[in-house]
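The next block holds one structure in the form of structure tokens; read it before the comments.
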Amino acid sequence: MDFKPAKKLGFGLMRLPQLDPTDSAAVDVEQVKTMIDEFMAKGFTYFDTAWMYNGFASENVAKEALVDRYPRESFTLATKLHNGFFNSLEGRDEVFNQQLEKTGAGYFDYYLLHGIEAGSIDHYERFKCFDWLLEKKATGLVKHAGFSYHDNPELLDRILTDHPQMEFVQLQINYLDWESEWIQSRACYEVAEKHGKPVIVMEPVKGGTLANVPAKAEAILKALEPEMSIPSWAIRFVASLPNVMVVLSGMSNLAQMRDNLSYMEDFKPLTNEERQVCFEVADIINGQIAVPCTACHYCTEGCPMQICIPEYFSLYNEDMRENLEEKGWTINFTNYDNLAEKFGRASDCIGCGQCESVCPQHLPIIETLVKVAEHFEH
């Protein structure tokens with residue numbers, strides 16, 4: 001039976017609009033309601049949340065803005081079990097039952113083991129999470145079982161071979177990571193294809209990187225399609241892949257939502273020429289980006305020094321694109337000091353490694369924080 005949503009755009013409830021930019025849990029629920037209303041009115045039905053998104057508030061927002069306001073059969077809801085929040089067989093159910101309560105959904109259309117990689121697969125296997133998930137499906141509390149994944153194609157091949165009853169896989173795919181030696185989007189996509197598993201795409205715009213491309217790259221895209229937004233290229237690139245069933249977009253405001261709806265309501269795949277232009281743009285971006293952080297914030301949840309790592313990396317990336325020898329100073333030095341009044345400074349890092357152990361991009365965070373400190377704190 002085909003269980004794929006009718007339309008390929010999914011609403012990722014991970015980067016929701018905020019009332020307080022320094023508090024990810026302070027979600028602008030009223031704006032989310034308006035976004036959901038427009039999303040549903042255009043025939044889109046897929047919503048993706050997780051236990052820790054938006055400072056653990058995302059699932060609650062899903063209840064208030066979606067579940068309590070629409071008939072249950074009118075939408076599909078996905079959430080996830082992350083290995084960092086259970087350490088026993090009973091712990092799996094404790095999280096799951098709280099998720100049912102937080103969302104009020106009654107059941108989950110899609111349920112994922114969250115962020116599987118080499119460092120977490122043993123945890124999921126040790127606590128028999130694949131079998132547990134299939135048991136949830138057998139009871140009707142989960143309709144479709146799968147997992148999200150952040151590692152190499154070889155491990156993905158092994159997992160899909162060992163657990164053929166998994167119905168789908170969620171992968172980080174975008175044109176910047178298509179041939180990345182770290183992310184290996186293309187190779188992982190091809191493994192899923194080989195096993196006949198449809199793909200849900202996460203990070204299609206790479207945390208906003210592909211929405212704010214260098215001027216040279218923007219000129220190339222605008223010359224080809226002046227009316228299309230820059231992020232539209234990233235969304236359409238992955239939506240054009242034949243084995244992709246849903247593209248998740250972490251829409252942070254109504255303007256982003258409306259832009260996505262404008263070209264995904266009547267989606268037309270990219271031509272071969274347009275795909276090649278995306279790769280040309282990727283080469284330009286790769287030549288300028290200093291830290292390929294997607295601002296997922298997994299690293300900050302357990303940071304003992306409360307360092308706002310993604311925000312500092314974003315400021316650092318911006319400055320690395322500047323001609324600092326000529327300018328000498330940018331507004332980002334002030335932005336850094338303002339953030340440091342509430343959060344730990346980059347130099348406060350104690351090198352505990354918690355952040356690197358959960359980073360889906362496998363970034364050398366500790367080493368990079370040293371560079372950030374040297375840049376902004378001298």
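Heads up: numbering here begins at 1 and tracks the sequence. Because the structure is a prediction, the values reported are computed rather than measured.
- Counting heavy atoms from C-beta outward, Leu210 and Ile230 have side chains that stay 4.5 Å or more apart.
- Comment: Asp93 engages Lys136 in a salt bridge, judged by a side-chain N to carboxylate O separation of less than 4.0 angstrom.
- The environment of NZ in Lys222 is crowded: more than 12 heavy-atom neighbours from other residues, nucleotides or ligands sit within 6.0 Å.
- For Lys137, the NZ atom sits in a packed shell: over 12 heavy atoms of surrounding residues, nucleotides or ligands are nearer than 6.0 Å.
- Cluster membership check: Met202 does not share its hydrophobic cluster with Val246, using side-chain heavy-atom separations under 4.5 Å among Ile, Leu, Val, Met, Phe, Trp and Tyr.
- With respect to Glu38 and Lys33, no salt bridge is recorded, no charged nitrogen being found less than 4.0 Å from a carboxylate O.
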>> Is there a side-chain hydrogen bond (donor to acceptor under 3.5 Å, both in side chains) between Glu311 and His297? Walk through the geometry before answering.
In response: CA-CA 9 Å; Glu311 286 76 8; His297 281 272; 3.1 Å; yes
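- For the pair Ile309 and Val372, the minimum side-chain heavy-atom distance is 4.5 Å or more.
- Contact detail for Pro242 and Glu193: the closest heavy-atom pair is CG-OE2, 4.4 Å.
- Hydrophobic cluster membership is shared by Met228 and Phe267, with clusters built from Ile, Leu, Val, Met, Phe, Trp and Tyr side chains linked at under 4.5 angstrom.
- Taking the six-membered ring for Trp, Phe147 and Phe168 have ring centres at least 6.0 Å apart.
- Remark: the Asn286 side chain and the Asp283 side chain contain no N/O donor-acceptor pair separated by less than 3.5 Å.
- Applying the salt bridge (charged side-chain N to carboxylate O under 4.0 Å, His left out) test to every pair with at least one member in residues 98-121, sequence neighbours left out, gives these pairs: Glu59-Lys102, Arg72-Asp109.
- The line from CG of Leu89 to CD of Glu94 is 11.0 Å long, rounded to the nearest 0.5 Å.
- Evaluated for a side-chain contact (heavy atoms from CB on, under 4.5 Å) with Val169, the options Leu112, Val199, Ile159 yield exactly one hit, Val199.
- A side-chain N or O of Gln172 and one of Gln361 form a donor-acceptor pair less than 3.5 Å apart.
- Residue Ile365 holds its CD1 atom at 4.5 Å from SG of Cys359, rounded to the nearest 0.5 Å.
- The aromatic rings of Phe237 and Tyr175 sit perpendicular to each other, their planes meeting at more than 60°, with 30° as the lower class boundary.
- Contact record, Arg345 with Ala340: NH1-CB, 3.3 Å, taken as the closest heavy-atom pair.
- No side-chain donor from either of Glu167 and Tyr110 sits under 3.5 Å from a side-chain acceptor of the other.
- Side-chain N/O atoms of Glu301 and His82 include no donor and acceptor closer than 3.5 Å.
- Aromatic pair Phe75/Tyr46: centroids not less than 6.0 angstrom apart.
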> For Asn332 and Asn335, what are the C-alpha separation, side-chain angles and deciding distance, and is it a side-chain hydrogen bond (donor to acceptor under 3.5 Å, both in side chains)?
Replying inline: CA-CA 5 Å; Asn332 286 326; Asn335 294 334; 3.2 Å; yes
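- Taking all atoms of both residues into account, the shortest heavy-atom contact from Gly140 to Tyr107 is O-CB, 3.6 Å.
- Side chain of Ser148 to backbone of Gly115: a donor-acceptor contact under 3.5 angstrom is found.
- Taking every heavy atom of both residues into account, Leu155 and Ala118 meet most closely at CD2-N, 3.5 Å.
- A salt bridge links Glu203 and Arg15; the closest N-O separation between the charged side-chain nitrogens and carboxylate oxygens is under 4.0 Å.
- In the model, Asn260 has a side-chain atom that pairs as donor or acceptor with a side-chain atom of Ser249 under 3.5 Å.
- Asp157 and His195 share a donor-acceptor pair across their side chains, judged by distance under 3.5 Å alone.
- Note that the SG atom of Cys296 and the NZ atom of Lys206 stand 10.5 Å from one another [nearest 0.5 Å].
- No close placement of the Phe333 and Tyr336 rings is indicated, their centers lying 6.0 Å or farther apart.
- Atom CZ in Phe108 sits 11.5 Å away from atom CG in Leu133 (nearest 0.5 Å).
- With hydrogens and angles ignored, the 3.5 Å screen pairs no side-chain donor or acceptor of Lys42 with any backbone N or O of Leu261.
- A donor-acceptor contact under 3.5 angstrom links the side chains of Lys342 and Thr22, judged on distance only.
- Cluster membership check: Val32 does not share its hydrophobic cluster with Leu19, using side-chain heavy-atom separations under 4.5 Å among Ile, Leu, Val, Met, Phe, Trp and Tyr.
- To the nearest 0.5 Å, atom CZ of residue Arg236 and atom CG of residue Leu241 are 13.0 Å apart.
- For the residue pair Thr49 and Ser58, a side-chain donor N or O sits within less than 3.5 Å of a side-chain acceptor on the partner.
- In this structure, a donor-acceptor pair under 3.5 Å is absent between the side chains of Gln31 and Asn253.
- Side chains of His163 and Glu125: a donor on one and an acceptor on the other come within 3.5 Å.
- Between Asp48 and Lys80, at least one side-chain nitrogen of the basic residue sits less than 4.0 Å from a carboxylate oxygen of the acidic one, meeting the salt-bridge criterion.
- The six-membered or imidazole ring of His114 lies near that of Tyr298, with a centre-to-centre distance under 6.0 Å.
- Taking His123 as the reference, Phe86, Phe127 meet the ring pair (Phe, Tyr, Trp, His ring centres under 6.0 Å) condition, with sequence neighbours excluded.
- A donor-acceptor pair shorter than 3.5 Å can be found between the side chains of Tyr70 and Asp37.
- The six-membered or imidazole ring of Phe39 lies near that of Phe11, with a centre-to-centre distance under 6.0 Å.
- To the nearest 0.5 Å, atom CD of residue Glu356 and atom SG of residue Cys352 are 9.0 Å apart.
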